[in-house]
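Have a look at the structure below before the remarks.
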2 protein chains.
Amino acid sequence: MAQVWMPAPESGRGRPPSYSRAQIAEAAIAIADEHGIDAVSMRKVAAALGTGAMSLYRYVENKQALCQMMLDHIVGEIGLPEPTGDWQADLRAVAERQRATQLAHPWLAGMAAGRPAMGPNVLRMLEHSMAVLDGLGLSLEDMLETYSLVSSWVNGFVQEELTERDIRRGTGLDEQGWQRSLAPHLETLTANGEYPYFTRILREGADHDFDTRFTRGLTRILTGIAATLPPTP
Amino acid sequence: MAQVWMPAPESGRGRPPSYSRAQIAEAAIAIADEHGIDAVSMRKVAAALGTGAMSLYRYVENKQALCQMMLDHIVGEIGLPEPTGDWQADLRAVAERQRATQLAHPWLAGMAAGRPAMGPNVLRMLEHSMAVLDGLGLSLEDMLETYSLVSSWVNGFVQEELTERDIRRGTGLDEQGWQRSLAPHLETLTANGEYPYFTRILREGADHDFDTRFTRGLTRILTGIAATLPPTP
DNA sequence: CGTACATCGCGTACACCGTACTCGAAGGAG
DNA sequence: CTCCTTCGAGTACGGTGTACGCGATGTACG
């Protein structure tokens, strides 16, 4: 059987496999994109491939492993632009692609925050950012933490963006009932003045759209990182 | 029935409730702490209270709502230290408490990254940080994003900390099989030299323990934020 | 004090889930 | 052609979230 990140031994003997791990990951991703991550079940994924649930277990040891594969598969399609030598521009480029990908697959942000996946594509992405950050005088530890800072921030930003997007378009995840219960709840909250800042956030809304907020936030972070860099002689 | 954040109307008439939302949240949290978040089921939570699963639905509309309650309940026990006037010290204080709480309840970090909960305690925490950030010349939008930056980073940091902690002590979430499959996998990865930085991270390990890494990372972030603050006249 | 009635407790039932076990089918190697 | 390995997938089991409904319960009112 295939272990989490080690594909089967490919011995040449015996009946050749009819499916592939990539195929399965793509089927699962298609379901998640269309019906949400909760709709991804072994049976449904298998059915999408025209087979039975248990067949998947020849390729994937777990449902958990399948989810990790989905994540890694999508990270793979983020794509890593060639470094230009300008570390800020390079980090910005991958952050923007990360955001675009997570917006295209809304279920991603919720999964990426869990235990890291350590699939080949995730590791390639790590390598890319580490290489970009190398030579700035940071220790290995600090490079890693800088990478993780940007990545965490993008994740959090997209999460908020998705939440607001779903609230605006009536219903996203929580079906129609959410709206019906959220509206009066927000009313109550803002009414009794217990949460003045939150009230302002709701009422004044945001001055800018998410694109410019993202760009500005990213600039702020990169500037902050630059400011804490060791001085170059 | 009680909506997500609006407790029942409390009409005075009829049979008084035998349980409470807080009681249920605490029972669920106890189970999550002891057996992991996946062990939290309506039946088990109800059993811990000595009742049947369906009784919970008089207090909680959903399992999802129960999870939101768990999150908010725990955020409530983070506690918000009185602001001192030094915004960096104040942000640092709540970040440290946040980390401590998330380490005490390892399942939290995975949930907090999902859609925000907007329970009373979560909102109180938002209010606290916003008040701390007020008066620095930031716009409402920038204040919010600064808060979210720190919060996301803490979340990501703790997530990594938990992962490494679990790997070190043999097995955390993924039972014994994880270790057995992870070790040879890491071997392969570091062997063929495809991931040089990741290899170095594994081999060299970290120079410092998590406590000092956290403190240093936090300092770096706060310094970065300070560097991007508008100039005070 | 008796009674009506709002509310709660929770058993039953259903559809669905992940997956252990199992065996027959399939196809390349010799 | 035969063997032997590998794959495909049905069956079954224990568990899940929760819709529905009914009987128990305690309060407010007559």
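Just so it is clear: chains get the letters A, B, ... in the order the sequence lines come, proteins before strands, and each one is counted from 1.
Between A/R13 and B/A39, the residue whose closest nucleotide on DNA chain D is further toward the 5' end is A/R13. Each of A/M54 and B/P16 was matched to the nucleotide of DNA chain D holding its nearest heavy atom; the match closer to the 5' end belongs to A/M54.
Under 4.0 angstrom from either OP1 or OP2 of C/dC8 there lies no side-chain N or O belonging to B/S18. Distances shorter than 4.0 Å separate some side-chain N or O of B/K44 from OP1 or OP2 on D/dT16. An OP1 or OP2 oxygen of D/dG8 is reached within less than 4.0 angstrom by a side-chain nitrogen or oxygen of A/Y59. Distances shown here put a side-chain N or O of B/N62 below 4.0 Å from the OP1 or OP2 atom of D/dT18. For the pair A/Y19 and D/dG8, the criterion of a side-chain N or O lying under 4.0 Å from OP1 or OP2 is not met.
In terms of modelled atom types and a separation under 3.5 Å, the side chain of B/Y59 and the main chain of B/Y19 share a donor-acceptor contact.
Here the C1' atom of nucleotide C/dG18 and the CG atom of A/L56 are 11 Å apart, to the nearest Å. Whole-Å rounding puts the A/K63 NZ to C/dC17 P distance at 8 Å. Rounded to whole angstrom, the span from the CE atom of B/M42 across to the C1' atom of D/dG17 amounts to 8 Å. Summarising the geometry, the separation between CG on B/L66 and P on D/dT16 is reported as 14 Å, rounded to the nearest angstrom. For B/D38 and C/dC17, the CG to P distance is 17 Å, given to the nearest whole Å. Look at CD on B/E61: it is 15 Å from P on D/dG17, rounded to the nearest Å.
No N or O donor and acceptor, one from the side chain of A/R15 and one from the base of C/dG28, sit under 3.5 Å apart. Below the 3.5 angstrom threshold, one finds a donor paired with an acceptor across the side chain of A/R58 and the base of D/dG8. If you check distances only, the side chain of B/R43 never reaches the base of D/dG15 with a donor-acceptor pair under 3.5 Å.
Within 4.0 Å (heavy atoms only), A/S41 reaches sugar-phosphate atoms of the nucleic acid but no base atom.
In this structure, a donor-acceptor pair under 3.5 Å is present between the side chains of B/W107 and B/D33.
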- Message: Please evaluate residues A/H105 and A/E77 with respect to the criterion side chain to side chain donor-acceptor pair (under 3.5 Å), reporting the C-alpha separation (whole Å), side-chain torsions for both, the decisive distance (0.1 Å), and the verdict.
- Response: CA-CA 12 Å; A/H105 307 282; A/E77 66 185 35; 3.2 Å; yes
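Considering CZ of A/R99 and OG1 of A/T101, their distance stands at 11.0 Å, rounded to 0.5 Å.
Looking at the side chain of A/Y57, the nearest of the listed nucleotides C/dT19, D/dG26, D/dG17 is C/dT19.
Taking the charged nitrogens against the carboxylate oxygens, B/R124 and A/E194 do have a contact shorter than 4.0 Å, which makes a salt bridge.
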